[in-house]
Amino acid sequence: MTKRNWKGTTTTVVAILMGTSLLMNGQAYAASETSLTSTNEQFDQMVQDGTNIDLTANEESTSVSNQNKQSDGNTAFSSDIADQVISEGMKYKGVPYKFGSSKKTTRTFDCSSFTQRVFKEVGVSLPRDSRQQSKVGQKVSKDQLQKGDLVFFRSYGSSSSRITHVAIYAGDNKLLHTYGKPGVTTTKFKGTSWEKRFELGRRVI
């Protein structure tokens, strides 16, 4: 009887131990499930709170930064071309003015054949006539003029907006153009009769 009771006790103990083990494992598994569920809930809450929007904002910020860098590069490139335009134009300083000069010659210029020639030498194509040139590129005001911009004028003393002259803004309040006896020359812009005759500016580079 004692032997049988010992066996029965042993069996009972083993069963209890196995049950306890199973229970513990079950609790551990349940704990793992609870931890995973909690992590997922936290992630979902982060998304709802706008964490994903912050990531998007960071991406947009990077994109805007890259666009600004590209814009800066384009500005520098335009500035280089403007310097080339002024440099090319100054090579012709003193060349005589002749109304209706052929675009094929550099021995004489009128105002629009001069601008057409200078811009052509830096790879920018312009129409032959000043009024046609006043319709290309981006319109800019007097206060927005930058080096290399085309500047258009009406006739002296006229109230008409009809374009009769074109020059190149050379920076530092100077115009590079050709007219009358000086031929190709530079003149001051603001505070002169040229400013009073100003109609519009055009940016073509």
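Bear in mind that the values here come from a model prediction, so they are computed numbers and not experimental data.
Every residue was checked against the ring-ring contact (aromatic ring centres under 6.0 Å, His included) condition with Y97, not counting sequence neighbours, and none meets it. By the side-chain contact (heavy atoms from CB on, under 4.5 Å) test, R128 pairs with K103, D110, S112, S113, Q116, sequence neighbours left out. With sequence neighbours left out, the side-chain contact (heavy atoms from CB on, under 4.5 Å) criterion links E88 to K91, V118, E121, V122. The side chain to side chain donor-acceptor pair (under 3.5 Å) search around S101 returns T108, not counting sequence neighbours. Under the rule for a side chain to side chain donor-acceptor pair (under 3.5 Å), Q146 has no partner lying at least two apart in sequence or in another chain. Among residues two or more places apart in sequence or in another chain, the side chain to side chain donor-acceptor pair (under 3.5 Å) test is passed with T185 by none. Partners of S155 by side chain to side chain donor-acceptor pair (under 3.5 Å), not counting sequence neighbours, listed by chain and number: T164. Scored by the side-chain contact (heavy atoms from CB on, under 4.5 Å) test, K147 finds A82, D83, I86 as partners (sequence neighbours excluded). In this structure, the ring-ring contact (aromatic ring centres under 6.0 Å, His included) partners of F109, at least two apart in sequence or on a different chain, are Y92, F114.
Of the possible donor and acceptor atoms, none in the side chain of S87 sits under 3.5 Å from a partner among the backbone N and O of Q84.
Contacts classified as ring-ring contact (aromatic ring centres under 6.0 Å, His included) and involving residues 124-148 (residues at least two apart or in different chains) are not found. Annotation: side-chain hydrogen bond (donor to acceptor under 3.5 Å, both in side chains) contacts involving residues 192-205, sequence neighbours excluded, comprise K142-E195, D149-R203, R154-E199. For the side-chain hydrogen bond (donor to acceptor under 3.5 Å, both in side chains) condition, the pairs that include at least one residue of residues 165-175, sequence neighbours left out, are H165-H177.
One distance of note links CD1 of I168 with CG of L145; it measures 12.5 Å at 0.5 Å rounding.
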